[in-house]
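To keep things clear, I will list the structure first and then write my remarks on it.
Hydrogens, waters and symmetry mates are skipped; everything else that's a heavy atom, side chains included, is used. The sequence lines fix the lettering, A, B, ..., with proteins before strands; numbering per chain opens at 1.
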Protein chains: 2
Amino acid sequence: MQGLARQGLTGQNRGNGPASPPDHPLQAGLTPDSTLDGRGPLFDQIKRAVAGQILRGRWQAGQRLPNEAELSSLYGVSRQTVHKAIALLAREGFLVRRRRAGTFVATSRRDRFALPIEDIGDVVARDGRVYEFRIRDRKIFRNGEGIRWPDLPDGTPILTLECLHFSDGTPIQHERRLVNLDVVPEVVDESFDVVAPSRWLVDRVPWSSADHTVRAVNATAEMAALLGVEAGAACLSIRRQTMHLSRPVTLVHFLSVGDRFSLSGSSITDSATELNL
Amino acid sequence: MQGLARQGLTGQNRGNGPASPPDHPLQAGLTPDSTLDGRGPLFDQIKRAVAGQILRGRWQAGQRLPNEAELSSLYGVSRQTVHKAIALLAREGFLVRRRRAGTFVATSRRDRFALPIEDIGDVVARDGRVYEFRIRDRKIFRNGEGIRWPDLPDGTPILTLECLHFSDGTPIQHERRLVNLDVVPEVVDESFDVVAPSRWLVDRVPWSSADHTVRAVNATAEMAALLGVEAGAACLSIRRQTMHLSRPVTLVHFLSVGDRFSLSGSSITDSATELNL
DNA sequence: TCGACGATAATGTATGTACATAATCTTTCG
DNA sequence: CGAAAGATTATGTACATACATTATCGTCGA
């Protein structure tokens, strides 16, 4: 049997599988090598095989690919196994499936590039530098009184924090943060002598979602002084609002010196990396 | 049967499912409501139910959750269905599974925030504005002769493009692009009168992966003139290198005026959104 | 000719069964 | 006592089966 099964079936094949030999004609131009590489579980091998066909341009964007039954006999595995592989590829955005119509190679990968946004402390530490931070200011307000957090009802108690982050002693990021005290009242008892606010919140409020906006701004005189650059220096500004159970938890503005900090990442979809394409 | 099944089972239950009533004690503190919401497929309901437990803090980070057999009888579905739900949550990064040890709520959500990077044309169009672009320059070099693309061998033919992007007539982005002619030789015959280079390449070279770097820089005098801002204005600089079959395809530098362009997006992992948490 | 409607073909979900795999726990023996 | 060997347990994969769901295609009739 093609020597493809690495796992399972220590004895003989348990019985009645599809197992028709790979002498299928299929639709013109759609005849894959049908050789699985034998590495890892079958459904992963199928994923790789299919992704490979696409990658090599044998199956082009928008094109329909063989249905599950055909793939099943082509690769000599059951329909469920094919289904799992194909459904995963679809879930990861490589394929589009429509009932009755079939499975198609996805066309648009335009908006699939994504940049991970990491905690500044992690970034600095990973660079092998010494990370420090300093709380510069800390106050409590009620929303609407001297401060305004748009997504929060007026009167909600808010803790404000102002903080500087250092890499090897050089200031690299300024942080201005609002915390919703209705959601995280314990924060008033936390001094942030050791743990940075971002870290503390992440550990405290699990499973939050967030939205981000990144832009470039010129440093004001005040910020420039804090960050040790000339006024007007280009800075990366990241605004992040974090939600938990559809309630805003925290709203932060990070400001980082342009030539000391950057965002970077690679893609296609993390999942594609697993396929090591 | 708890009125949970929305699909399937038009007649009666086909037979021998687990179906023990939800009067289970389970481990202390781990007793979910065991009420599925009846919306959508069972495995999705399970996903939501489990995610909900975590979200509501009933199952905390690091904690072990009931095994598949227990969940199966708790929710009154088969082990496979539970397995599918839990395995998906694990694949999406919400849970961590270890054989024999069990399933645990994932701890770190730190690096899960991600920013999508979209095509400028799409962004402008979505804003309801008129998108235009203009090719300003176009040359052909060999790598190392007057130009250098680090990841490419010397001598490789390269097409260079310089391009401006407009929103409602206002310049918002400058693009400087290198294209590897060994990979996409057809590009020399393309005038880019209608289709922008990014779009053309995406349509031509499917399934590429890319890495990005985003930083903030001050506009040089030349760039400032092109973009219609004063010299020194803060700009967002995006560098993107695209690969296909581990060969570099194109290397682009985008430069966008800080107050006319920003990156934004929301997260936790796209997949979480599906759960509408 | 066009629309309704039923047949059909594709994917989607759920369950049972069987075995593989990998930790972890337990026992046994030097 | 400690290490090796074996039992146990939880997850992982594969397959068969059965039925649901949903476009799409044809056909038939007004």
Residue list, side-chain contact (heavy atoms from CB on, under 4.5 Å) with B:His212, at least two apart or on another chain | A:Phe113, A:Leu115, A:Ser267, B:Ile117, B:Ala210, B:Ile238, B:Arg240
Listed partners of B:Val124 passing side-chain contact (heavy atoms from CB on, under 4.5 Å), at least two apart = B:Ile120, B:Arg129, B:Tyr131, B:Ser167, B:Ile172
How many whole angstroms separate atom [atom1] of [X] from atom [atom2] of [N]?
X       : N      : atom1 : atom2 : answer
A:Arg39 : D:dT13 : CZ    : P     : 16 Å
B:Leu42 : D:dC19 : CG    : C1'   : 14 Å
B:Glu68 : C:dC19 : CD    : C1'   : 15 Å
B:Arg97 : D:dT9  : CZ    : P     : 18 Å
B:Leu88 : C:dG12 : CG    : C1'   : 13 Å
B:Leu71 : C:dA14 : CG    : P     : 15 Å
B:Gln45 : C:dA14 : CD    : P     : 8 Å

Any residue meeting salt bridge (Lys or Arg N to Asp or Glu O under 4.0 Å) with A:Asp211, in chain and number order, not counting sequence neighbours | A:Arg239
Does [X] make a side-chain N or O approach to OP1 or OP2 of [N] shorter than 4.0 Å?
X        : N      : answer
A:Lys84  : D:dA14 : no
A:Thr103 : C:dA10 : no
A:Arg64  : C:dA10 : yes
A:Arg99  : C:dA9  : no
B:Thr81  : C:dT15 : yes
B:Arg98  : C:dT24 : yes

For a quick test of your reading: what N or O donor-acceptor pairs under 3.5 Å do the side chains of residues 93-104 of chain B make, sequence neighbours left out?
| unit_1 | atom_1 | unit_2 | atom_2 | d |
| --- | --- | --- | --- | --- |
| B:Arg97 | NE | B:Thr103 | OG1 | 3.0 |
| B:Arg97 | NH1 | B:Glu68 | OE2 | 3.0 |
| B:Arg97 | NH2 | B:Glu68 | OE2 | 2.9 |
| B:Arg97 | NH2 | B:Thr103 | OG1 | 3.1 |

Nearest nucleotide by nearest heavy atom, which residue falls closer to the 5' end of DNA chain D, B:Ala69 or A:Phe43?
-> B:Ala69
So which protein N/O to nucleotides 5-8 of chain C N/O distances come out below 3.5 Å?
| unit_1 | atom_1 | unit_2 | atom_2 | d |
| --- | --- | --- | --- | --- |
| C:dT8 | O2 | A:Arg100 | NH1 | 2.3 |

Using only heavy-atom distances, decide whether a donor-acceptor pair under 3.5 angstrom links the side-chain of B:Arg79 to the base of D:dG12.
-> yes
How would you label the contact of A:Gln80 with the nucleic acid (heavy atoms, under 4.0 Å): base, sugar-phosphate, or nothing?
-> base
Apply side-chain contact (heavy atoms from CB on, under 4.5 Å) to B:Val187 and B:Trp200, showing your working.
-> CA-CA 9 Å; B:Val187 74; B:Trp200 188 90; 3.7 Å; yes
Apply the test side-chain contact (heavy atoms from CB on, under 4.5 Å) to residues B:Arg91 and A:Leu88: give CA-CA distance (whole Å), side-chain angles for both, the deciding distance (0.1 Å), then the verdict.
-> CA-CA 10 Å; B:Arg91 179 171 285 266; A:Leu88 282 171; 3.9 Å; yes
Can you list the residues that meet the side-chain hydrogen bond (donor to acceptor under 3.5 Å, both in side chains) rule with A:Glu132, with sequence neighbours excluded?
-> none
Considering only heavy side-chain atoms of B:His83, the closest of D:dG12, C:dT11, C:dT15 is D:dG12
